[in-house]
S.K.: 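Supplied in structure tokens, the structure appears directly below.
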Protein chains: 2
Amino acid sequence: MTVSRVLRNRGDVSEATREKVLEAARTLGYVPNKIAGALASQRVNLVGVIIPSLSNLVFPEVLSGISAELEDTGLQPVVGVTNYRPDKEEAVLYEMLSWRPSGVIIAGLEHTEAARAMLENAGVPVVEIMDVDGEGVDSVVGISHRRAGRHMAEAIIAAGYRKIGFLGTKMPEDHRARKRFEGFSEGLAAAGLTVNDTEFYSGGSALLKGREMTQAILARSPELDFLYYSNDMIGAGGLLWCLENGYDVPERLGLAGFNGVDLLEGLPRRLATMDACRREIGRKAAEIIAGRPHSGMIGGEVIELEPVLQLGDTIRRR
Amino acid sequence: MTVSRVLRNRGDVSEATREKVLEAARTLGYVPNKIAGALASQRVNLVGVIIPSLSNLVFPEVLSGISAELEDTGLQPVVGVTNYRPDKEEAVLYEMLSWRPSGVIIAGLEHTEAARAMLENAGVPVVEIMDVDGEGVDSVVGISHRRAGRHMAEAIIAAGYRKIGFLGTKMPEDHRARKRFEGFSEGLAAAGLTVNDTEFYSGGSALLKGREMTQAILARSPELDFLYYSNDMIGAGGLLWCLENGYDVPERLGLAGFNGVDLLEGLPRRLATMDACRREIGRKAAEIIAGRPHSGMIGGEVIELEPVLQLGDTIRRR
DNA sequence: CCCGTCGCCGTTATCGCTAACATAGCGCTT
DNA sequence: AAGCGCTATGTTAGCGATAACGGCGACGGG
């Protein structure tokens, strides 16, 4: 017991014995067994974080926001990756909950029925992140992708573009990209316009795909005067291709992406984009998990962040 | 016990009771407590993975190799990030070992003394990855960065470049970048050459930094005819800058990066690089951890992978 | 001088599961 | 009818920590 007290800095132990314990622990190379500790105390200093992918650049940024916020709370994030597959998400969630974490942060609002039930019965704070367009289980932190798409459509129309193409991912499970597209279409519809042509991809180097898709869509529909990309990476590829092929950007052809990745700063021209508040989302989510025990177990907060439209150099200004 | 047997698929249980148990578990929403399970069985299906950063693109790729290999072994990776800080590495390692994982995969061969001691006494397989230039604790999977640098130097010299600049990160704790630089310098020295000028950066958008550094180094040393970048991202920034500013690449000025990230495929010209075998490193490391229990606890293997030089379009060919 | 308080440390009983062994019931042989 | 070998299920004793409480000097006030 005395050892336990020393190693956790809890309860009083005389300075003399404390020293002796630490000394002994050091020479023995003793590492306490958290498994036993967690079982006895019913407390686990882990927070489960479930995201669709690590190669998307967006999620590592969210993670870094989470880590930063958790840094000195004694909590530790544990990451699970679903590859955008609902069944994998369910499995990862089950696995995580079986370790009884102090909280769960999970991307998106769409889950299998079983996953939703698990989240509801987990008995720990749950934060669904990235997206606020829908019904959450507990707390929600994110942006409205639908409104983001709509907002972009309005900006494009205001800038005078009329023949609009959309380029995106082929993933049916990327609900946020889907919602952006829907919002975008609505925004166009409100002005009596529609998306004139679309192009989708999956897998491979996004930058390269951006080039290829741009070439393809412009070959097919040369009349287009604006291309809206569902992420910055393919947008960057498209931008490079357009510049190389002598398109007059943004006069003849406007371009925009989504996310606000800092990679864009190094491009020859600043691609129009919308910041998805990635780090901020991570921070807020972690804050809810870390703060919950103190703040009287309220739960169910919904925090909607406002993505900021950055016109950059690829949407003409009036 | 019967429930335990059903849920672990271990031992024989009649089909009838198995069904009843599963049914009950489902309606109760029962999730077994792995903490108690792990304590009792002294087995934990987690593998600790410790890496310096998630924003480097390289590490998510290693991770994806690890996940893929672990996919159906019943093992699960748990990621810890050190931000290139040795003290953080030590803390993360301690935290991980206190959960008694089935194995540890850790980037690099350089650790604090305490961390090394922990790895030695962990009593589980340890794989140090990315780098083979040094002494490992147990198994090692990686490439020789020193040789990679040297190899690049030789290729550059063979192509006839003579006035060579080096651009890299300012991080003293990035031992692999340092080793590449040392090997590179050795390679030049062997031909009676030296690095004519250097430029270092830290933080910020790598692509943008690549531009800025390239501009700076060429302004200061216009006679340079080759720029070696310590990673592909700054190399890509440099390439874009050179093309925009009318440099004749690769005739007047050659360029090369390091890593072989697939982003390069979307650039206007293919940057010369060297593949760091990232996914492969992840796979092999995971394979060692997963295979160890079977293969008779040998341990101590060193797997050196061969990075392949890709000349691309930015080193002139003879 | 007694008793309450405080500081420090030890004892006991869990936590929820699994390893290892025990038992019950059945069919079959001897 | 007893004994054997199965299979299917139950019992017991931990795993290594912590919560909760208990004990024991020392000290100080009445």
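In what follows, every chain begins at residue 1, and chains take the letters A, B, ... in the order their sequences are listed. Because the structure is predicted, anything quoted here is derived from the model rather than measured.
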S.K.: Can A:R116 and A:E120 be counted as an ion pair, charged N to O under 4.0 angstrom?
M.R.: yes

S.K.: Any side-chain donor paired with an acceptor under 3.5 Å for A:N231 and A:R180?
M.R.: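 Side-chain D/A pair, A:N231 to A:R180: absent.
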
S.K.: Under the side chain to side chain contact (heavy atoms under 4.5 Å, CB included) rule, collect the residues that match up with A:S55, sequence neighbours excluded.
M.R.: A:S53

S.K.: Near DNA chain C, which residues from residues 20-27 of chain B have a heavy atom under 4.0 Å away?
M.R.: none

S.K.: Does a side-chain N or O of B:R8 approach OP1 or OP2 of C:dT18 to a distance below 4.0 Å, or not?
M.R.: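 B:R8 to C:dT18 OP1/OP2: side-chain N or O found under 4.0 Å.
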
S.K.: Does B:R26 come within less than 4.0 Å of B:E23, counting only side-chain N to carboxylate O?
M.R.: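 Looking at B:E23 together with B:R26, the answer is yes, because their closest N to O distance falls below 4.0 Å.
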
S.K.: Does a salt bridge link B:E15 with B:K20, judged by any charged N lying under 4.0 Å from a carboxylate O?
M.R.: no

S.K.: Anything under 3.5 Å between a protein N or O and an N or O of nucleotides 8-11 of chain C, put it in a table, one pair a line.
M.R.:
from	atom 1	to	atom 2	distance (Å)
C:dC9	OP1	A:S14	OG	3.2
C:dC9	OP1	A:T17	OG1	2.9
C:dC9	OP2	A:S14	N	2.9
C:dC9	OP2	A:T17	OG1	2.9
C:dG10	OP2	A:T2	OG1	2.8
C:dG10	N7	A:R5	NH2	2.9
C:dG10	O6	A:R5	NH1	3.3
C:dG10	O6	A:R5	NH2	3.3

S.K.: I'd like to know if B:E61 and B:R279 make a salt bridge, using a cut-off of under 4.0 Å between side-chain N and carboxylate O.
M.R.: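 Salt bridge flag = no for B:R279 with B:E61.
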
S.K.: Using C1' atoms of five pairs at each end, report the bend of the helix from C:dC1-D:dG30 to C:dT30-D:dA1 rounded to 10 degrees.
M.R.: 70°

S.K.: Are B:T17 and B:S14 close enough that a side-chain donor and a side-chain acceptor fall under 3.5 Å?
M.R.: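 Side-chain D/A pair, B:T17 to B:S14: present.
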
S.K.: Any chance you could measure A:K179, atom NZ, to A:D131, atom CG, to the nearest 0.5 Å?
M.R.: 3.5 Å

S.K.: Is there side-chain contact between A:T73 and A:L70, with heavy atoms separated by less than 4.5 Å?
M.R.: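 A:T73 vs A:L70: side chains touch.
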
S.K.: Between A:H111 and A:E90, does the side chain to side chain donor-acceptor pair (under 3.5 Å) criterion hold? Intermediate values first, please.
M.R.: CA-CA 8 Å; A:H111 316 290; A:E90 192 180 311; over 6 Å; no

S.K.: The criterion is side-chain hydrogen bond (donor to acceptor under 3.5 Å, both in side chains); which residues satisfy it with B:K34, sequence neighbours excluded?
M.R.: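 Result, side-chain hydrogen bond (donor to acceptor under 3.5 Å, both in side chains) vs B:K34: A:E95.
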
S.K.: From A:R176 CZ over to A:R146 CZ, what is the distance, rounded to the nearest 0.5 angstrom?
M.R.: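 The CZ atom of A:R146 is 13.5 Å from CZ of A:R176, to the nearest 0.5 Å.
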
S.K.: Report yes if at least one side-chain N or O of A:Y30 is closer than 4.0 Å to OP1 or OP2 of D:dG16; otherwise report no.
M.R.: no

S.K.: In residues 35-46 of chain B, which residues come under 4.0 Å of DNA chain D by heavy atom?
M.R.: B:L39, B:A40, B:Q42

S.K.: Is the shortest side-chain heavy-atom distance between B:M130 and B:V58 below 4.5 Å?
M.R.: yes

